[in-house]
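Accompanying notes for the structure given below.
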Amino acid sequence: MSEEKSLNFIEEIISQDLASGKYESILTRFPPEPNGYLHIGHAKSICLNFGLAKHFGGKTNLRFDDTNPAKEDIEYVDSIKADVKWLGFEWAKECYASDYFDQLYAFAIKLIEKGLAYVDDSTAEEIAQQKGTPTVPGTGNAFRNRSVAENLELFAAMKAGKFADGEKVLRAKIDLASPNMHMRDPLLYRIKRAHHHRTGDTWCIYPMYDFAHGQSDSIENITHSICTLEFIPHRTLYDWCIEQLAIYPSHQYEFARLNMTYTVMSKRKLLQLVEEGYVTSWDDPRMPTISGMRRRGYTPESIRDFCDRIGIAKRENIIDFSLLEFCVREHLNKVAQRRMVVTNPIKLVITNFEKGEEILHSENNPEDPNGGTREVPFSNELWIEREDFMEAPTKKYFRLGPGLSVRLKSAYIITCESFEKDEAGNIKTVFASYNPQSKSGQDTSGIHVKGTLHWVSAKHAIPVTLNEYDRLFNVADLSSADGDFKDYINPNSLNVVKAYAEPALASDVLEARFQFLRKGYFFQDTKSTKDNLIFNRTVGLKDAWAKEQKK
RNA sequence: UGCCUGAUGGUGUAACGGUAGCACAACUGUUUUUGGUGCAGUUUGUCUUGGUUCGAAUCCAGGUCAGGCAACCA
């Protein structure tokens, strides 16, 4: 059975390029600007670029597009490198557009010499005005006719710091009437006195994206430069620069960026959530950032699987959040250690358990035959979930109620005899008897019950804190919702609860993935300590009972 | 009124002139010491109008709708 996975449109292009001999091997790049943290949308691009190289036996560079020092910082460089590594990828070279500043400057001079660039003294407003509109051609100005010699001299003066910020810019001389706005004499260099995180104060002029990106690709001999759809109109300029400069012809291809339901994906909006305190930080587990998802308990495997499943195409999309949840459940189900934790406890007393205490064993992972078992102390006083007892059970309720029997996971079958309420009328204690013949693994009782409950021995329980996360927004498609996106923030995106956990959890390692039985997948928070164990809920289990109840 | 993209079930994504398939979601049934997992199954789709063709999701022409393009941002 050969199940050939069909190629996406970029893979098709690459295999043709390889088959035709256009390239012997391919080189891609992942080119973030270090002005924020990476999010799941970047993960799509990372998986694409690195995945392509892996698939076709090529390489991928990590390149920081650091041409705007006002917004960039080393903090972001470090976080980006950590995130890419965590996702499981290795770059061939670590590059910076700023490493090419001298070369880019030389490229600019070459354009001036060819009469294809000029220094413009106009203000930003004047330039915008003179550009016209998509339906009205732009008009030129007198600066456009400056001589090559004058342009050379003025550009050198710009570099030498002879002018104030914004006083002059270098523009390409292309076509002010072009139907493509990006070809109406685009800006190439601007004067900006800002400290650059790598070049310090060496430069006071910085190249614009359009004069840095394609040339950087070319310098590195990138074969396939892959970006998102909004750069389509830039491609004409990308090609123009490469042609006029007669440098290595990298080619740009575009795919649709990732959108997801119940979240936002723009760095600007994510920054707002952090700065205005809607979340605590960039790595808040509710954030769609790689660091937030890591802290939440997502695995690199599940994110890569997700990126694989969503595919690559040019059509705009909005992916169901449930697909991401599916991917992480699928992986965690295979690897997570099972533990028992009770969040909203009521006391269960086993009236006929005269031993008082017994050490039982429970499998760590039923999906993994080699996963081993752990010791779980059992006693005559246990905690169980309040919702696992019903005073007057309905007919489809498979749990505990007067006269009903259930199995306690990895322990015994019990039968409820009676219960006690407190003054407020809430259930306080449930009394039950156990069947000694029904011990897990050596059950000779012949009894079959429908429900199995998780539990924790009261005497042995350890206190833990659980962060139960839910989606950050309460509408699916934020792009088509009216008004400010912050109006749709889910006020219940975090529910912090105290819980009792089985003692094994205290000695477990920090990096371990857990499934708290019948509750969901959990991961220790970065702020968790031995004395104050905190777990983040990565994702809940599928809950068929909750669905049934809604009916 | 310009230019550039795109349009296949609820959501994604295949089919490259020849059976509209796959995944998620939803819904059944079944198994199960997690109402989890597994297994089996069901439902739902080619934007529109013409044309070419024995045959069109695919090719051609017109239309409609959606998104992008006028930062000294990337």
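Reminder, nothing fancy here: chain letters follow the sequence lines and each chain counts from 1.
Comparing B:A74, B:C69, B:G36 by their closest approach to the side chain of A:A544 singles out B:G36. Which of B:G36, B:A70, B:U33 sits closest to the side chain of A:K131 comes down to B:A70. The side chain of A:I310 approaches B:G12 more closely than any other nucleotide in the set B:A70, B:G12, B:A74. Each of B:A74, B:C24, B:U34 was ranked by its minimum atom distance to the side chain of A:F326; first place goes to B:C24. When distances are taken from the side chain of A:N333 to each of B:G36, B:G35, B:C73, the shortest belongs to B:G36. Residue A:K547 places its side chain closer to B:A26 than to any other of B:C73, B:A26, B:U13.
A:F9 places its CZ atom 13 Å from the P atom of B:A15, with the value rounded to the nearest Å. Going from atom NZ of A:K519 over to atom P of B:U37 covers 17 Å, rounded to whole Å. Rounded to a whole Å, the OH atom of A:Y412 is 14 Å from the C1' atom of B:U33. One can place OH of A:Y434 at 18 Å from C1' of B:U33, the figure rounded to the nearest angstrom. Counting to the nearest Å, the P atom of B:U32 and the CZ atom of A:R338 are 19 Å from each other. Between the CG atom of A:D185 and the C1' atom of B:A70 there is a distance of 13 Å, rounded to whole Å. Rounded to whole angstrom, the span from the CZ atom of A:F211 across to the P atom of B:A71 amounts to 20 Å. We find that CZ of A:R315 is positioned 11 Å from C1' of B:A57, with the value rounded to whole Å.
Across every strand in view, B:G50 sits in a pair with B:C60 that passes the Watson-Crick or G-U test at under 3.5 angstrom. Using N1 to N3 plus N6-O4 or O6-N4 for Watson-Crick, or N1-O2 and O6-N3 for G-U wobble, each under 3.5 Å, B:G36 pairs with nothing. Look at B:A23: its Watson-Crick or wobble partner, with both distances under 3.5 angstrom, is B:U11. Using N1 to N3 plus N6-O4 or O6-N4 for Watson-Crick, or N1-O2 and O6-N3 for G-U wobble, each under 3.5 Å, B:U5 pairs with B:A66.
By the 6.0 Å contact criterion, NE2 on A:H195 is enclosed, its count of non-hydrogen atoms from other residues, nucleotides or ligands being greater than 12.
Checked against A:S225 for a side chain to side chain donor-acceptor pair (under 3.5 Å), the options A:E220, A:Q252, A:R29 give a single hit: A:R29.
Side-chain polar atoms of A:N141 and A:Q130 form a donor-acceptor pair below 3.5 angstrom. Side-chain atoms of A:S480 and A:D477 form a donor-acceptor pair, as typed in the model, at a separation below 3.5 Å. Under the 3.5 Å distance criterion, with hydrogens and angles disregarded, no donor-acceptor pair is assigned to the side chains of A:N68 and A:N35. Looking only at atom types and distance, the side chain of A:D443 has no donor-acceptor partner in the side chain of A:S438 under 3.5 Å away. If you check the side chains of A:Y521 and A:Q515, you find a donor sitting under 3.5 Å from an acceptor. Using modelled atom types and a 3.5 Å distance limit, the side chains of A:T343 and A:K519 yield a donor-acceptor pair.
Side-chain N/O atoms of A:R309 and base N/O atoms of B:U13 include no donor-acceptor pair closer than 3.5 Å. The base of B:U34 does not come close enough to the side chain of A:R518 for any donor and acceptor atom to sit less than 3.5 Å apart. For A:Q515 against B:U34, a side-chain N or O and a base N or O form a donor-acceptor pair under 3.5 Å. For A:D320 against B:G10, a side-chain N or O and a base N or O form a donor-acceptor pair under 3.5 Å.
The residue among A:S440 and A:I127 whose nearest nucleotide of RNA chain B is located toward the 5' end is A:S440.
Taken residue by residue, residues 230-241 of chain A places heavy atoms nearer than 4.0 Å to RNA chain B at A:F231, A:I232, A:H234.
The residue A:S122 sits close to a base: some heavy atom pair falls under 4.0 Å. Contact annotation for A:E316: backbone-only contact, meaning every heavy-atom pair under 4.0 Å involves sugar-phosphate atoms and none involves a base.
Put simply, A:K192 has a side-chain N or O that comes within less than 4.0 Å of OP1 or OP2 on B:C73. Between A:R190 and B:A74 there is a side-chain N or O to OP1 or OP2 distance below 4.0 Å. Under 4.0 angstrom from either OP1 or OP2 of B:A74 there lies at least one side-chain N or O belonging to A:T67. Contact between the side-chain N/O atoms of A:K542 and the OP1/OP2 oxygens of B:A25 is found at a separation under 4.0 Å.
Using a 4.0 Å cut-off between a side-chain N of Lys or Arg and a carboxylate O of Asp or Glu, A:K131 and A:D185 do not qualify as a salt bridge.
By the 5.5 Å and 30° criteria, A:Y209 is not stacked with the base of B:A74.
Across the C1' atoms, B:U43 and B:A25 are found 12 Å apart, a figure rounded to whole Å.
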